[in-house]
Every structure is written in C-alpha cells, then in structure tokens.
Amino acid sequence: MWEYRRATRDEVAFLWDENIRTHTARKTWEQWKEEYLYYLDHHMALTFAALQNGVQVGEGTLLLSPDCKAVRGRSSLCDGKTIANVNALRIRRTFEGQGHISALIKVLEREAAAQGISMLTIGVQEDEARNRAIYRHWGYLEPVLQEREDGVLVLYFAKHLSF
C-alpha cells in the first residue's frame, strides 16, 4: 500500500540516513541532513514522504524560507512569502518510473497552496533531459534562472499554482 504525505521529523531523519548510506560523499550528505533537519525544526521547510507499507522510500522538500542555503540570495526561487522551491526530490531506484514521485509532487503542491504559496520553482541540471521532461509534464514551464552550481549548469523553472 502506498501513502504520500507530510513526513514526521523521525521519517525525515530516516530518509537522510538512507541517503547517507547510499552515497559515497558521506560528509556532504551528513551536512545536508543536519541542514534539512534544522530547516524542519525552524519551520523553514516541509518534507513529504512516499511510503510503501509504512516504509519511507521517497521524498521531496518544500523550501519555504529564503534563508535556506539551496536558495539563499535568489528571491526568484524562494521569497518567504508566495514563492517556494521544490528540493531534494528523490525515490529509491527500484520504484522509479512508477508514478510515485508524481503523486508526491501533487501532495507537495496542494500543501504549498494551502500555505499561501502561489508559485513553485524547481531546478534541474542542464544535462538531465529526462528530469526536465518530467518537470515540464508537471507544469514547470516558466524559465526563472540559470546558474552554475559546483561547475554544473542548473536550470530553474516555475509553476503557478491554482488550487
């Protein structure tokens, strides 16, 4: 049975621990875990989980504060009022391509609208054509920003919410 909902703090910690276990650059992932738990604790972000039979297998975070490191200094991505950013969107490989992230993004978008957010932004590396196509399918069509991050060109797109 599948469930898509806002994650508890314990679930967020579990998801990040899973990410740390599966990535070789553990130090970076450990730092990100601390950052995202801080954001959650200080109401700067909301994390949502895709659960299969009660086990967290996917996630997506809604960055609400322009003070979050991933969006800091770029109010076109998150302004703390009406614009928020979709971040850390992922699912275990065995569940890719089955529509679970699409279901999760719909929950995230409804919650954003309920929080008074009227526009969401999302970033994708230029060379990730598959993800760009998925984001376009979801309605993230409006180009917002292009920036080099860690030597990689990242393209940001926006979607206006209408719930």
Side-chain angles (χ1 to χ4, degrees), residues 1-19 29 32-33 35-72 74-125 128 130-145 149 154-163:
M1 183 173 128
W2 283 90
E3 182 181 7
Y4 312 96
R5 61 168 171 76
R6 201 160 150 182
T8 66
R9 188 184 196 287
D10 287 344
E11 289 168 339
V12 173
F14 174 84
L15 288 163
W16 280 102
D17 287 340
E18 287 295 305
N19 289 319
W29 285 85
W32 288 338
K33 174 187 175 183
E35 281 177 30
Y36 280 73
L37 288 174
Y38 177 87
Y39 299 155
L40 184 66
D41 291 342
H42 291 86
H43 311 288
M44 298 167 70
L46 300 171
T47 297
F48 297 81
L51 300 98
Q52 183 196 37
N53 297 321
V55 177
Q56 304 90 351
V57 297
E59 67 191 282
T61 296
L62 184 61
L63 299 179
L64 302 169
S65 171
D67 294 329
C68 294
K69 188 175 179 182
V71 294
R72 190 174 299 137
R74 299 175 290 176
S75 61
S76 61
L77 300 182
C78 179
D79 67 1
K81 296 175 188 121
T82 60
I83 304 169
N85 179 260
V86 176
N87 205 277
L89 189 62
R90 55 187 153 259
I91 193 162
R92 288 189 195 164
R93 287 209 188 281
T94 54
F95 301 110
E96 285 182 355
Q98 299 175 20
H100 301 297
I101 289 295
S102 293
L104 186 62
I105 199 81
K106 288 177 185 170
V107 171
L108 191 148
E109 289 173 352
R110 278 194 301 275
E111 179 68 25
Q115 298 269 338
I117 303 298
S118 59
M119 187 172 87
L120 290 179
T121 61
I122 195 166
V124 60
Q125 291 180 6
E128 292 180 339
R130 179 177 177 251
N131 287 348
R132 275 201 332 257
I134 291 167
Y135 298 169
R136 276 194 308 273
H137 175 73
W138 291 342
Y140 291 83
L141 304 171
E142 182 182 322
V144 175
L145 183 68
E149 298 175 13
V154 179
L155 312 173
Y156 289 91
F157 297 92
K159 176 180 182 175
H160 294 272
L161 301 177
S162 57
F163 286 93

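Below, all heavy atoms of this structure are taken into account, side chains as well, without hydrogens, waters or symmetry copies.
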How close do [X] and [Y] get, heavy atom to heavy atom, and via which atoms?
X: Ala49; Y: Leu15; answer: CB-CD1, 4.3 Å
X: Ala158; Y: Val144; answer: CB-CG2, 3.4 Å
X: Leu46; Y: Glu111; answer: CD1-CG, 3.9 Å
X: Asp41; Y: Arg9; answer: OD1-NE, 2.7 Å
X: Leu141; Y: Arg136; answer: CD2-O, 3.5 Å
X: Ser75; Y: Ile83; answer: O-CD1, 4.0 Å

Report yes if some heavy atom in the side chain of [X] is under 4.5 Å from a heavy atom in the side chain of [Y]; otherwise report no.
X: Tyr140; Y: Val86; result: yes
X: Leu104; Y: Ile91; result: no
X: Lys159; Y: Glu109; result: yes
X: Arg92; Y: Gln52; result: no
X: Thr82; Y: Met119; result: no
X: Leu63; Y: Tyr36; result: yes
X: Val55; Y: Glu18; result: no
X: Trp138; Y: Lys106; result: no

Whether the side chain of [X] engages the backbone of [Y] through a donor-acceptor N/O pair (distance < 3.5 Å, no angle test) should be reported.
X: Arg72; Y: Asp67; result: yes
X: Tyr39; Y: Lys69; result: yes
X: Thr121; Y: Leu77; result: yes

How many angstroms lie between [atom1] in [X] and [atom2] in [Y], if you round to the nearest 0.5 Å?
X: Glu59; Y: Thr47; atom1: CD; atom2: OG1; answer: 7.0 Å
X: Met44; Y: Leu64; atom1: CE; atom2: CG; answer: 9.5 Å
X: Leu120; Y: Ile105; atom1: CG; atom2: CD1; answer: 7.0 Å
X: Phe95; Y: Ile101; atom1: CZ; atom2: CD1; answer: 11.5 Å
X: Glu35; Y: Cys68; atom1: CD; atom2: SG; answer: 9.0 Å

*Qualifying residues under side chain to side chain contact (heavy atoms under 4.5 Å, CB included), relative to Val124, sequence neighbours excluded*: Glu128, Asn131, Arg132, Tyr135, Leu155, Phe157

*Before accepting this row, confirm whether a basic side-chain N of the pair Glu149/Arg74 lies closer than 4.0 Å to the acidic partner's carboxylate O.*
yes

*Taking NZ, NE, NH1 and NH2 as the nitrogens, is one of them in Arg93 or Glu96 under 4.0 Å from a carboxylate oxygen of the other?*
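Looking at Glu96 together with Arg93, the answer is yes, because their closest N to O distance falls below 4.0 Å.
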
*Flag yes if more than 12 heavy atoms outside His160 fall under 6.0 Å of its NE2 atom; otherwise flag no.*
yes

*Start with the C-alpha distance between Asn85 and Tyr156, add both sets of side-chain angles, then the distance that settles side chain to side chain donor-acceptor pair (under 3.5 Å), and finish with yes or no.*
CA-CA 10 Å; Asn85 179 260; Tyr156 289 91; over 6 Å; no

*What class does the angle between the rings of Trp29 and Trp16 fall in, given that below 30° is parallel, 30 to 60° is tilted and above 60° is perpendicular?*
tilted

